[in-house]
Amino acid sequence: MSNVLFKRTEALTSKEFSYCPGCTHGIIHRIVAEVLEELNILDRTIGVSPVGCAVMNYEYFNCDMQQASHGRAPAVATGIKRVLPNNIVFTYQGDGDLASIGTAEIVHAAHRSENITVIFVNNAIYGMTGGQMAPTTLVGQKTTTSPTGRDPRHSGYPIKISEMLATIPGATYIERVSVHNPQNVRKAKQAVKRAFEMQIQGKGFSMVEFVSTCPVNWGKTPQDALNWLVDNMIPYYPLGVYRQPEAGEKNE
Amino acid sequence: MSNVLFKRTEALTSKEFSYCPGCTHGIIHRIVAEVLEELNILDRTIGVSPVGCAVMNYEYFNCDMQQASHGRAPAVATGIKRVLPNNIVFTYQGDGDLASIGTAEIVHAAHRSENITVIFVNNAIYGMTGGQMAPTTLVGQKTTTSPTGRDPRHSGYPIKISEMLATIPGATYIERVSVHNPQNVRKAKQAVKRAFEMQIQGKGFSMVEFVSTCPVNWGKTPQDALNWLVDNMIPYYPLGVYRQPEAGEKNE
Amino acid sequence: MAKVMMKGNEAMGLAAIKGGCRAFFGYPITPQNEIPEYLARVMPEYGGVFLQAESEVAAINMIYGASGAGVRSMTSSSSPGIALKQEGITYIAGAELPCVIINVMRGGPGLGGIQPSQADYKQVTRGGGNGDYYLLAFAPENLQETVNIVKEAFDLAEIYRNPVMIAVDGLIGQMMEPVDVDMEIPKREIPEKTWATTGTLGKRERNVVNSLYLDPQALENHSLKLKAKYDLMREKEQRYELVNVDHSEIVIVAYGTMARICRSAMEILNEKGINVGLLRPISIYPFPEKAFAELPSTVKGLLTCELSTGQMIDDVKIANNGKLPIGFFGRTGGMLPEPEEIVDAVIKMIGGMKNE
Amino acid sequence: MAKVMMKGNEAMGLAAIKGGCRAFFGYPITPQNEIPEYLARVMPEYGGVFLQAESEVAAINMIYGASGAGVRSMTSSSSPGIALKQEGITYIAGAELPCVIINVMRGGPGLGGIQPSQADYKQVTRGGGNGDYYLLAFAPENLQETVNIVKEAFDLAEIYRNPVMIAVDGLIGQMMEPVDVDMEIPKREIPEKTWATTGTLGKRERNVVNSLYLDPQALENHSLKLKAKYDLMREKEQRYELVNVDHSEIVIVAYGTMARICRSAMEILNEKGINVGLLRPISIYPFPEKAFAELPSTVKGLLTCELSTGQMIDDVKIANNGKLPIGFFGRTGGMLPEPEEIVDAVIKMIGGMKNE
Amino acid sequence: MAKGRIEVAVESCKGCGLCINACPLNLLELDTNTLNSKGYQPMRIHTPDKCIGCTFCALMCPDVVITVERL
Amino acid sequence: MAKGRIEVAVESCKGCGLCINACPLNLLELDTNTLNSKGYQPMRIHTPDKCIGCTFCALMCPDVVITVERL
Amino acid sequence: MNSEKINCAGFGGQGVMLIGQLLAYAANEEGFNTLWYPSYGPETRGGTANCSVTISKQPVNSPVISKADSIIIMNKPSLDKFEDKVRPDGKIFINSTLVNKKVNRSDVEVFYIPVNDMAAELGNPKVANLIMLGAYLESTKLFEDEVIIKLLKKSFGENKAHLIPINQQALQAGRIFIRQ
Amino acid sequence: MNSEKINCAGFGGQGVMLIGQLLAYAANEEGFNTLWYPSYGPETRGGTANCSVTISKQPVNSPVISKADSIIIMNKPSLDKFEDKVRPDGKIFINSTLVNKKVNRSDVEVFYIPVNDMAAELGNPKVANLIMLGAYLESTKLFEDEVIIKLLKKSFGENKAHLIPINQQALQAGRIFIRQ
Ligand SMILES: Cc1ncc(C[n+]2csc(CCOP(=O)(O)OP(=O)(O)O)c2C)c(N)n1
Ligand SMILES: Cc1ncc(C[n+]2csc(CCOP(=O)(O)OP(=O)(O)O)c2C)c(N)n1
Ligand code: SF4
Ligand code: SF4
Ligand code: SF4
Ligand code: SF4
Ligand code: SF4
Ligand code: SF4
Ligand SMILES: [Mg+2]
Ligand SMILES: [Mg+2]
């Protein structure tokens, strides 16, 4: 009898993703879902959906979900986790959501070391609204609100969220990953697993930042988008662990 | 004929400060005002008042002023500076204002490297509203909303704003100072002068963080408050320059 | 139990706990600070959560999370802080979550002042968020009523799955009065929170808390469902007090502290032989239109009195529907009238009517 | 000039520039994105400022700063984004700064949907901020009217030193129609901005932009000054169109896209021999109460039609003051009725009136 | 000869091609003759015999429409 | 003998005492016999002769009520 | 013609919005009143995109088209969605390359035009929409090709000027198909 | 007494709020209706602080005191502010240590009590407010000292129990001053 090497995780519902073809949101969803399944926490997990292309992922993750207002997912997650400390709570947020409008909420979730896990999908653009500039948009990158390319004299240099949050004592675990090839997909999954393990162990705030693509608004084919990501995003947003607890500690 | 060694700067109006006796807000006001006078920029300066004990400092600084909503002074300053790039624009903000509700606005003013100067007064408490916990309140410090002392398991460790903002490429100049004795008052004035000079030279975002006192809500005499600041605040919030431009550069 | 003296804000904090509140998220603002400060001390004794949020915006979204997780939760703030919560509030209404919001009103607009005011009437009753939604909103006049309503609010919020706002002026928050926090409130059947996201535990279908309906027909259906709820509130939750309206020529319409001041004015008027009644809205959404139908035909005019430049008067006009002339007396910005000012306003109105 | 085809959002962007707007601060949200996107391209050509803010909250506070500095400035957003701006808006009103705010309305409450809606009527006309303040608010029905009003708005904002909101449903933002952006608008005398903070340059007393008045009497005076302004608006700025009201038995009250759909319904009704009029508010604050006084005595009923579950109807009730029966027809959540639905509603209303 | 076998939920495939690039043996292609009901040309394996069951294609599929079995 | 002279706007002094600690020569004290109209005991210099005009007191005064002159 | 109401629908990327816009622009050029209005938002992603155009000698009132005079259908889901939305005696233009279904109604005039195949033949799959537009224009006699080409020239600018001939051919191909 | 309305005013820190609160608490203990209401906010910082207390057999309606029956004045600015706010035949209790001014009105009963000096004599400057309260109670015969002491005991708890005697002396001192 044949042996299944890979099949769709049951931590995803059967609903088809609404993402554009080749959008890495889908890969990231699968990774998160598989981790929830493998850690056997799906049935006590409550996820928080952002406002962004992933807004409807409450239809995809096969667990209890709350849809949060734009940028406020960490506050919503805080509300949930504080009243249900034994449940697992995660947010899933884009860069417009987390790095722009939701800056205060992510900083203070880290600051209070809320025992939640944040999945941060940085595709350097506002995907859902049609491709406006994000704080993470690269210098020179053309978007609908930076039609001649992002100019640092006008808009500054892109903000590096993992680096910034890593200065906060309460930020227990922070890693930046990518899913541009199968090797990195595997690494990314390890990172997500470590992040949720932190939460299970009560160690406080954990976040995994994915550099991700938006083929449609970048105006590229899905594969070209991945290549562009490797050539442009990763050099500016280096992958790696930005913060992890020292042995035995909760946080600093 | 006698020679004036020190007199009240004309960059302050004659209106008496409403601050409590011994509150270091007053010293900081004087420093900022003297710098505006000495750099000869008072008549083209527009200051932005916060919501906090300093809310009425639009009555103290002898220049055009705008009173901003709580935490949004950097956004207000951005609005002013973008339309009047040749004017000098500064904000004056407390730690509740800047480090809590206004986190997104200060981070993104730094991120865009708005060419403004921020005077950040960190007294580790909400002074005006009667002594609630701030994100900067020290561990163990008792406040009306941390009645048994700040507990890091509940509220995390205090956030270090200068350190955090220093990771942002657009943050051109960041220094933390104190005014607990005349020597430090002089140093602090130098820092404020450097910060405004950055702005005059068009170098982008500058901020001086003052560790400051709130004798009334700390429940201490003014001098004891200064001593407590030296013993407790400065060790956690070390003084010094956290970011300055490398020679010739605007920012990173 | 004997009545104890409590400050309004603290009494509301304790009443919330007695009403089953086990999660409070808020942000400092005068004149409501004693609510969070009290709960910071006392909530831990009840095993509940007290957390100071980084902002009003964060606080209301924490409420969304905690209510969505099935826990009775409350936030409090004052006027500009409530303005900041508007997006969060419309989300909570849209997602049909219960919660209690206290607005200890101060003078506006903008930063305004910190003295007592009723100038948020429209902010409270019309919402400031987007879309077709309303809050159930109460405006009590003394601490006993306030405490009872805060307790009831948690039940009502769950029955209607809707946010309940309690709007008191700063004076009610700051004053002390004797109050019995254990006074019985109506027992109601509270529906089970089958919708709460508490983890499926493998025992039920997953729950989703959400206000997004991309299909316009679905969103219309949702809005009509909400509307049916508001219609039901209108039918069932109108609350008001009628004082001395029989044989009165003029009826004052006033709520909260303004109603108390009007009561004193009525005493003075009574001494002068002028018979004046009071129609006191307790619920301001739904506005007690029924009370107007109960007014006897002796009534020849209504005098709306508010601590604002005139906001509730629109609801009075709608309820009155052209029947009686409507006068207005208001003070605003934190100014509290002396009863004599209302006496004068009533006398003037009577004079005006006579001259017509 | 010949009319050119423009998308509503882009036409509003260009109209703003023609109206003297030299600073735009905004944040992306559907269905208004073409406004910022257009201005990102075009504003630099006019030497103006385009900046995408980190949030709606930041954007409205940038407007405060830029307006306070004397520059004509504008922000735009859509329903939940406007909810987030409420605190900033009450500050701007409190500090008496001019500015223009565009709300391209979508379905609510909460995140709701992104299809056209008029369910922000109360959010727009009652404010959602604290305190006694109002916006001057317009709700045009086609692109030419929209463009003209956007241009005028900058003048009106400065004349009244008050924010002006232009509320259009998403359809007006998204559609293309022929439009002449250079059509003349009324010339008005614009007061000098002596209050702007531009640096004293040693030439004048310092200026302060502020909404704080800790002394309640000062705040009351300030509120009364604002009220006088709103009363003046009420007197001078009521705008409306009356269509075919003479000899009509029923007058429809509708604005924006709903008014256009009603016009089509009126044609169908006309063919059926039923004479129906239209009272179309163009200003929604001040609400055109004067228009109701102009209705001839032939009119026997009003039918309020909205893309909401019923919000403007409160203003209709107030303006009508009990005179005529008021019916309601609404679709919401992004649903747009076909003209036939309105035809049916009118016929039903006539039937109902006959039966009474 | 094949060590692995893949199955594609063709109706759900969006034809993004990420799997194609991921396959170390270049076994995959878009089926230019088909258009699924969503309007996409779905992926197909042109040389199923060579599949080694490495799952790379599945790891990269954003729509999680690939199942891989060991033979 | 004095090199400096200080002047205090007594009605505006809040009696906080920060100047007192700052004076390197310990010349300052609160005037316990006076209460200004704000209700504070204002600062006074008890030994004006010794003032060296170092301005430390003025640098530390939060209410900017001290003027220092060189003599 | 007194007034014409059109719905165009297809997959995002098939250029249905452009068909509608060209009709609206042309109408404005020719002195008609007109209104173009897209369905917008995330559901256009992957799903169907569509737009409505009203062209009229009178001012355009309701932007909502209850019953269209013509509908242009570029894919199958759109036929399912819009088949009922055309008035009796109206016209349905169907991209028969992608729609292998027939229209159920018998009270309308239906044109099955294999525009994708025809575009492939012309050597540029992207002009399928212009072939459809040509067919529509030929059938309704609304506007001449010149008007459309003038508009395309303006919008293409110099960079894309070389694409004008192929678009012209596409329009022609559509017209010829109808004539036959 | 049917009803008594009192204003207490002074610098922040002089304990005027406590005077008012003790009166209100005592009233509640003794079965009266009562309402205490502070002025609040930043203007209390440095400026004057004051509170109003209404004590009544009837339910308390307006919390606003148009004309007080008694006012307690702990500093000079408060006298300026409140002098007019007492009804004819009302009482004014003045801290004459800090208020070196006389009351202008002749239609009221005025008590000049040097409470700061007296407190200094008692050895604890902080009890000036209790001396004032004692004086007020003696003059109005509202409550016995026992009620006040019981309340203070409750609020002081064990930590501050040692302060009870000095407060008791202060009340007494105030009473004695009035009696003389
Ligand atoms: C308060 C508010 N502001 C703005 C929007 C509009 N909006 C929807 S999604 C989005 C941002 C999407 O960008 P991002 O978070 O980067 O997610 P992505 O779509 O790129 O995955 C915005 C601004 C909204 N719905 N609510
Ligand atoms: C939107 C809003 N939220 C809250 C408040 C209340 N408030 C006034 S001042 C203040 C904070 C003061 O703390 P901080 O910024 O540290 O200044 P400090 O008084 O300590 O100098 C707060 C929360 C307000 N006015 N507006
Ligand atoms: S718009 Fe971009 S981020 Fe959003 S689903 Fe499409 S490709 Fe992905
Ligand atoms: S409350 Fe604190 S920060 Fe505010 S003026 Fe007083 S001492 Fe200074
Ligand atoms: S499992 Fe490996 S070898 Fe087989 S098709 Fe997929 S990527 Fe190619
Ligand atoms: S990666 Fe998945 S969706 Fe993309 S082409 Fe391959 S099978 Fe289809
Ligand atoms: S100037 Fe120096 S020496 Fe003189 S009083 Fe001041 S601190 Fe003392
Ligand atoms: S520092 Fe200034 S305010 Fe303080 S006591 Fe000295 S002179 Fe007075
Ligand atoms: Mg993004
Ligand atoms: Mg502070």
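The sequence lines fix the lettering, A, B, ..., with proteins before strands; numbering per chain opens at 1. Computation of the quantities below employed the complete heavy-atom set of this structure, encompassing side-chain atoms and omitting hydrogens, waters and symmetry-equivalent molecules. Computed from a prediction, not measured in an experiment: that's the story for all the values here.
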Any non-hydrogen side-chain atom of D132(C) less than 4.5 Å from a side-chain atom of Q311(D)?
yes
When only pairs under 4.5 Å are counted, which of G330(D), P216(D), G310(D) shares the most heavy-atom pairs with chain C?
P216(D)
Give, for atom OG1 of T90(C) and atom CD1 of I82(D), the distance between the pair rounded to the nearest 0.5 Å.
13.0 Å
If you take all heavy atoms of G108(C) and S223(D), which pair is closest and at what distance?
O-OG, 3.7 Å
Given that the side chain runs from C-beta out, which part of Y134(C) has a heavy atom under 4.5 Å from chain D: side chain, backbone, both or neither?
side chain
Mind checking whether K85(D) and E87(C) have side chains closer than 4.5 Å, heavy atoms only?
no
Whatever's closer than 4.5 Å to a heavy atom in chain D on L226(C) counts as side chain
Note: vs chain D, highest number of non-hydrogen pairs under 4.5 angstrom among G81(C), S78(C), A83(C) is A83(C)
Return the option, out of G127(C), G88(C), A93(C), P109(C), with the maximum number of heavy-atom pairs under 4.5 Å with chain D.
P109(C)
For residues K227(C) and T332(D), determine if any side-chain heavy atom of one lies less than 4.5 Å from a side-chain heavy atom of the other.
no
Which one, E220(C), Q86(C), R331(C), K323(C), leads in non-hydrogen pairs under 4.5 Å with chain D?
E220(C)
Give the minimum heavy-atom separation between D120(D) and G131(C), together with the two atoms involved.
OD1-N, 3.2 Å
Which of the residues P116(D), G334(D), G94(D), S308(D) is involved in the greatest number of heavy-atom pairs with chain C at under 4.5 angstrom?
S308(D)
Step by step, would you call D314(C) with R126(D) a side-chain contact (heavy atoms from CB on, under 4.5 Å)?
CA-CA 11 Å; D314(C) 277 0; R126(D) 298 303 190 270; 4.0 Å; yes
Which atoms of L212(D) approach chain C - backbone, side chain, both or neither, heavy atom under 4.5 Å
both
At their closest point, which heavy atom of N130(C) faces which heavy atom of P80(D), and how far apart are they?
OD1-CA, 3.3 Å
What are the two closest non-hydrogen atoms of G112(D) and L219(C), and how far apart are they?
C-CD2, 3.7 Å
Taking G129(D), S117(D), G113(D), G107(D) one by one, which has the highest count of heavy-atom pairs under 4.5 Å against chain C?
G129(D)
Highest number of heavy-atom pairs under 4.5 Å with chain D: which of Q118(C), K122(C), K317(C), M335(C)?
M335(C)
